[in-house]
Amino acid sequence: MSGKEYRTITDVKGPLVFLNKTEPVSYGEIVQLMLSDGSIKNGQVLDTSDDQVIVQVFEGTASVDRQTGVKFLGDVFKLPVSKGLIGRILDGAGRPRDGGPDIVADEMADIIGAAINPYSRQSPESFIQTGISAIDACTSLVRGQKLPIFSASGLPHNDIALQIARQAKLVDSDDDFVVVFCAMGITAEEYNFFVHDLERTGALENSALFVNLADDPAVERLITPRLALTAAEYLAFEHDYHVLVIYTDMTNYCESLRQIGAAREEVPGRRGYPGYMYTDLAMLYERAGLVKGKKGSITQFPILTMPGDDITHPIPDLSGYITEGQIVISRELHQKGIYPPINVLPSLSRLMNAGIGDGKTREDHKSVSDQLYAAYAQGRELRGLVAIVGEDALNERDLQLLKFADIFEDQFLRQSRDEDRSISEGTLDLAWNLLSNIDTKYLVRLDQKWIDKYHPTEKSSNEEE
Amino acid sequence: MSKENGVIYRISGPVVTAVGISPRMYEVVRVGDEGLMGEVIELHGDQSVIQVYEETSGIKPGEPVIRTGQTLSVQLGPGLLTQIYDGIQRPLPKLEETMGVFITRGVDADGLDLKRKWEFNAVAKKGDDVSSGQVIGKVQETETIEHRVMVPPNVSGKVKSIKSGTFNITETVCVLDDGTEIAMMQEWPVRHPRPFVQKYAPDVPLITGQRILDFLFPLAKGGTAGIPGPFGSGKTVTQQQLAKWSDAQIVVYIGCGERGNEMTEVLDEFPHLIDPNTNKPLMNRTVMIANTSNMPVAAREASVYTGITIAEYFRDMGYNVALMADSTSRWAEAMREISSRLEEMPGEEGYPAYLSSRLAEFYERAGRVETLSGSDGSVSVIGAVSPPGGDISEPVSQGTLRIVKVFWGLDAGLARQRHFPAINWLNSYSLYPQALDQWYRDNIAPDFPEVRTEISTLLQIESELQEIVQLVGSDALPVDQQLTLEVARMIREFFLQQNAFHDVDTFSDLDLQYHMAKAILSFQEEAKKAIAGGAQLEDVVNVPARTDLMRGRFEKGYEDRISDLVSEMSKQIDASMEAN
Ligand SMILES: Nc1ncnc2c1ncn2[C@@H]1O[C@H](COP(=O)(O)OP(=O)(O)OP(=O)(O)O)[C@@H](O)[C@H]1O
Ligand SMILES: [Mg+2]
């Protein structure tokens, strides 16, 4: 490792430091800055040539001056990994934050992470029961999926994420999940909420936390999720754990990305975010999945808050283009006092079909889900019409659908924060009960054979009476 | 040529600048101590700018850069089919063997297995005059596809010797009088279109089994189509449906900057899916390129060229090839990223000024041609476009729409209503029907074009009526217009909606499509009569036989039963008149 210290800083701009007359420095190498007050900052090489090196400084460049010493550490960023990560709280750069000892490394893992060979992947297909009806019935999650929560400020996305973390289980095995939690720029209050909840339920011992809070360095946020995912990969693919990665808030991550882009005077893409943001996000999200020959898995739950509740904003938009669906939290439902305020209409799980049905959840799952969706969608649309023409203009079918939309929100979506509904008796049977408020002749998405078998009042057995 | 060695001067992400060499544009070079593969994309004074196809972290200025004298090329020959490659034609199974499940770097791999032996059957004879593109022998590459070994470009002469037998692809199978040796493998630089004699206007449809596509917005063999749509609207599902069910003989599927799991899905599924045209697994005719979103962007940029070159190669054998690129927007973004690293003057939204010409050059490589050997071959290109926020006023969508002849516009609203495929029937278009109508009259039904017009007119009228309904409710409309709405609803729910994941519904042949469309029109006709005769609209619409007709499409053997179902419906509608 080279230890030479340079004092050749020429320019400092935002989070970037420019220096010249160095030895050849590698792209991506880590860097230490020694400030005159004795403090140390960390950084990483973003651009390197014989004449100039550009370093991005994670802690920001406050107090950096031309006398600041710069040391190149001869290696790219690596995280010490071992099973000892479980139960630990680390800061956004991977140092202990819980007062505990340093992680004793089994291995030093490059945090950029190599891409999984698409040929080596295995299709995700094991249903994860979250106990939340809206998700389990309509946007079913499978192991190895990346399914973000699209939320907005002031909405209970954290409660939902925690409820999922607490309740998530596989129906066909009792393997437990290890939670890797990654905080990026969230407030201390939000963080405490997470930690207390994990502590309360005893999940903390089964979790690894990487924490960068709102008052921690903004640029550091660019590495925090990479550390978390590196830890997740190690636990999943070296030690067979099923890892649930929750990271929040992707919006803060993207802001940091934008900040670096601006400091480098890059040509911005849409709304000032870098043109490579899609690729950058993909380098995180694509680290979910299952691979051949390994027992473990990585399931990702990124949380992002949509600026201005706008789903077409580049952050949710680019995320949606990469992830395998999305769970959309609705302000309108939240204001109606419904928890969890999940709007199933714009929500989607693209891997759902692979994870549900006979032998996985229940044979009627797909039909029920389609029917719930269709009925609720039509019911909601009718609300708009009723506002204009009044209920009198509606026929019998429309009236039933209109009423169903209310029942669906009130009884199906709504559940308490510690209510853990099983897929079969808890969620699907409830769905049948609610659907029985609509005449079967209008339930066109339900196969007759499922009506005969599951409909509470039209079951074949009832007919015989 | 003596190998010149240079050194790295600068590294910025995937872009490396070298000094001390003077390579040609688009020459392949080896970068750094690990010999990473790169391609020269700009010459600038004494500096050569290189895009590197592998991760560059850890590389230092001063490390070597070595010329290869080659331009970026693909290996063409038996062994392409069923393979899955990265963007620069490295077989992913080979990479797995050497690297494990994660793609590390610095590993070379031939695109084709150079050792594998194939049974070569000569068709040319000693003394024949042969020229480039001419088929000199055949190899049964997969169960269903015969690989036609062609004289490489720029080679011609009299055959001195040729032998059938078992050879690997680099062994000489044919020698010309001037001593030129021909093997089964040839190479071709990906950025150059392969030659042909002339282009023909396409006049045969590419039949996809997708009702809305085949019936309303058909693509011709050799044609071009764009599928723009916001995330989750169905671009990938539609492309996969085409890869599965279209009646092309060869399919090249490019996953360009998209999800890893989607490629896995194709790999898992295709070997088990049976091609309705050959009754053999679909994998036999498929070549896949997978350069997912997290794989290096420079290789993503190249992937599209790798794919189209392979497609052209099979076209040159006289095959109808269909190529899907999902998503061309990610390709354009790769161009944008490289361009911004080169500090080029940006055009609209940061894309390079040459974006639209690159798009045009790419789609220009589609077409139906007379091949060098005088046969008829085609490449159809279907490109997905992923516009930010679903707004197609952006440069990639606009650049694409200026070129392609078919526009399948995916609609977020329809996807949200779970109306799949979520193709908007009001703004999508195809410029091919005129050229194809004769084919439909000859091969499906003499009145096929008229039936299509009637169906699309009904949809048009519906959209106008819907505007009124939004204001006053449907009950306020006169009964004939209410019937029109019911008929249009039937078109949407019974005909346009098609569930890609349903065993039976996933594919409808063109005959069946025609009969389904006719069934809707006969419903309309019978209903009109019945209503004129005093029947209630409600009763007419609700005759059980109509539900049976509509639901029947999910059951096997529907094509045999549809006419009975239609007569039963007519009977019941008739009866509803008498009931009043
Ligand atoms: N023809 C179809 N039949 C049934 N479901 C469909 C169909 N087309 C799309 N879907 C549904 O829509 C979902 C999203 O489709 P798809 O993955 O093709 O979207 P996309 O446009 O490729 O999105 P992205 O841009 O994010 O890749 C699918 O997972 C599936 O649930
Ligand atoms: Mg897609």
Side-chain angles (χ1 to χ4, degrees), chain A residues 24-29 46-50 76 112 114-124 144 237 266-270 275-276 278-279 282-283 286-287 289 291-294 312 314 317-318 320-322 324-326 345-346 348 350-351 353 370 373-374 377 385 388-389 393-395, chain B residues 9-13 17 55-63 84 92-93 95-96 99-104 230-232 255 257 259-261 263-265 267-268 290 292-295 297 330 333 336-337 340 346 349-350 386 388-391 416-418 470-473 475-476 501 542 547:
Chain A
V25 171
S26 30
Y27 179 70
E29 189 166 339
L46 279 192
D47 196 316
T48 172
S49 73
D50 290 347
V76 295
I112 300 300
I116 298 175
N117 184 333
Y119 178 75
S120 310
R121 281 181 185 268
Q122 239 184 307
S123 289
F237 302 136
E266 290 165 349
V267 184
R270 233 168 117 236
Y276 48 79
Y278 172 83
T279 303
M283 307 269 286
E286 278 289 315
R287 290 172 84 173
V291 297
K292 281 190 223 156
K294 311 256 181 193
T312 68
D317 190 50
L318 294 179
Y321 270 123
I322 305 164
E324 288 146 344
Q326 65 279 336
L345 302 183
L348 170 71
R350 305 194 193 199
L351 303 182
N353 287 333
D370 288 349
Y373 189 97
L385 186 65
I388 305 169
V389 298
L394 299 191
N395 57 30
Chain B
Y9 162 74
R10 176 183 174 192
I11 302 141
S12 173
T17 308
E55 242 295 308
T56 52
S57 61
I59 313 264
K60 281 196 195 71
E63 290 186 24
I84 177 165
L92 292 172
L95 297 189
E96 186 190 75
M99 307 172 174
V101 299
F102 289 98
I103 298 182
T104 53
F231 67 80
R259 302 172 184 82
N261 278 334
M263 300 312 297
T264 313
E265 204 180 293
L267 281 170
D268 284 352
T292 56
S293 53
N294 55 340
M295 286 161 73
V297 288
R330 307 306 168 212
E333 284 166 7
R336 174 167 72 183
E337 180 165 351
S340 89
E349 294 191 18
S386 316
D391 176 0
R416 216 172 306 123
Q417 292 163 33
R418 298 289 200 262
Q470 290 305 315
L471 296 174
V472 297
D475 283 358
F501 303 110
N542 287 327
T547 314

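The model shown is predicted, which means the values in this text are computed figures rather than measured ones. Reminder, nothing fancy here: chain letters follow the sequence lines and each chain counts from 1.
The greatest number of non-hydrogen atom pairs below 4.5 Å with chain B, out of Asp47(A), Leu318(A), Thr312(A), is found for Asp47(A). When each of Ser120(A), Pro124(A), Gly28(A) is scored by its heavy-atom pairs under 4.5 Å with chain B, the top score falls to Ser120(A). Counting heavy-atom pairs closer than 4.5 Å to chain A, the top residue among Gly350(B), Ser12(B), Ala476(B) is Ser12(B). The choice from Glu55(B), Glu265(B), Glu337(B), Arg416(B) that makes the most heavy-atom pairs within less than 4.5 Å of chain A is Arg416(B). Highest contact tally toward chain A, considering only Ile59(B), Thr292(B), Val297(B), Asn294(B), is held by Asn294(B) [criterion: heavy-atom pairs under 4.5 Å]. The residue among Thr104(B), Thr56(B), Ile84(B) with the most heavy atom pairs within less than 4.5 Å of chain A is Thr56(B). Note: Arg336(B) leads Met263(B), Gln417(B), Arg336(B) in heavy-atom pairs under 4.5 Å with chain A. In terms of heavy-atom pairs under 4.5 angstrom with chain A, the leader among Ser340(B), Gly62(B), Pro93(B) is Pro93(B). In terms of non-hydrogen atom pairs under 4.5 Å with chain B, the most contact-rich of Tyr321(A), Tyr373(A), Tyr276(A) is Tyr321(A). Of the listed residues Lys294(A), Lys292(A), Glu266(A), the one with more heavy-atom pairs under 4.5 angstrom with chain B than any other is Lys292(A). Ranked by heavy-atom pairs shorter than 4.5 Å toward chain B, the options Leu351(A), Leu46(A), Thr279(A) are led by Thr279(A). Chain B forms more heavy-atom pairs under 4.5 Å with one residue of Ala282(A), Ala115(A), Gly269(A) than with any other, namely Ala115(A).
Here the side chains of Leu385(A) and Leu394(A) are in contact, with some heavy-atom distance below 4.5 Å. Inter-residue side-chain proximity for Phe102(B) and Asn117(A) is flagged as unmet; no heavy-atom pair is nearer than 4.5 Å. Taking 4.5 Å as the limit, some side-chain heavy atom of Pro118(A) sits within range of a side-chain heavy atom of Ile103(B). With a 4.5 Å cut-off on side-chain heavy atoms, Thr48(A) and Lys60(B) do not count as touching. The side-chain heavy atoms of Gln326(A) and Leu348(A), taken from C-beta on, include a pair separated by under 4.5 Å.
Here the closest heavy-atom approach between residue Gly144(A) and residue Glu324(A) is recorded as O-OE1, 4.3 Å. Scanning all heavy atoms of the two residues, the minimum distance from Gly320(A) to Arg350(A) falls at O-NH2, 3.4 Å. Of all heavy-atom pairs between Leu345(A) and Arg418(B), the closest is O-NH1, 4.0 Å. The minimum heavy-atom distance linking Gly289(A) with Arg121(A) is given by the pair CA-NH1, 3.9 Å. Across all their heavy atoms, Ser293(B) and Glu286(A) have their closest contact at OG-CG, 3.4 Å. Val76(A) approaches Tyr27(A) most closely through the heavy-atom pair CG1-O, 4.1 Å.
When heavy atoms are compared at a cutoff of 4.5 Å, Asn261(B) approaches chain A by way of both its backbone and its side chain. Interface remark: Asp50(A) contributes backbone and side-chain atoms alike to the contact with chain B (heavy atom separation under 4.5 Å). Both the backbone and the side chain of Glu96(B) come within less than 4.5 Å of a heavy atom of chain A. For Leu95(B), the parts lying near chain A are the backbone and the side chain together; criterion is any non-hydrogen pair under 4.5 Å. Of the two parts of Ile388(A), only the side chain, counted from C-beta on, holds a non-hydrogen atom closer than 4.5 Å to a non-hydrogen atom of chain B. Looking at Tyr9(B), the atoms closer than 4.5 Å to chain A (heavy atoms on both sides) sit in the backbone and in the side chain alike. Residue Val291(A) touches chain B through its side chain alone, counting heavy-atom pairs closer than 4.5 Å.
The distance from the CG atom of Asp268(B) to the CD atom of Gln122(A) is 8.5 Å, given to the nearest 0.5 Å.
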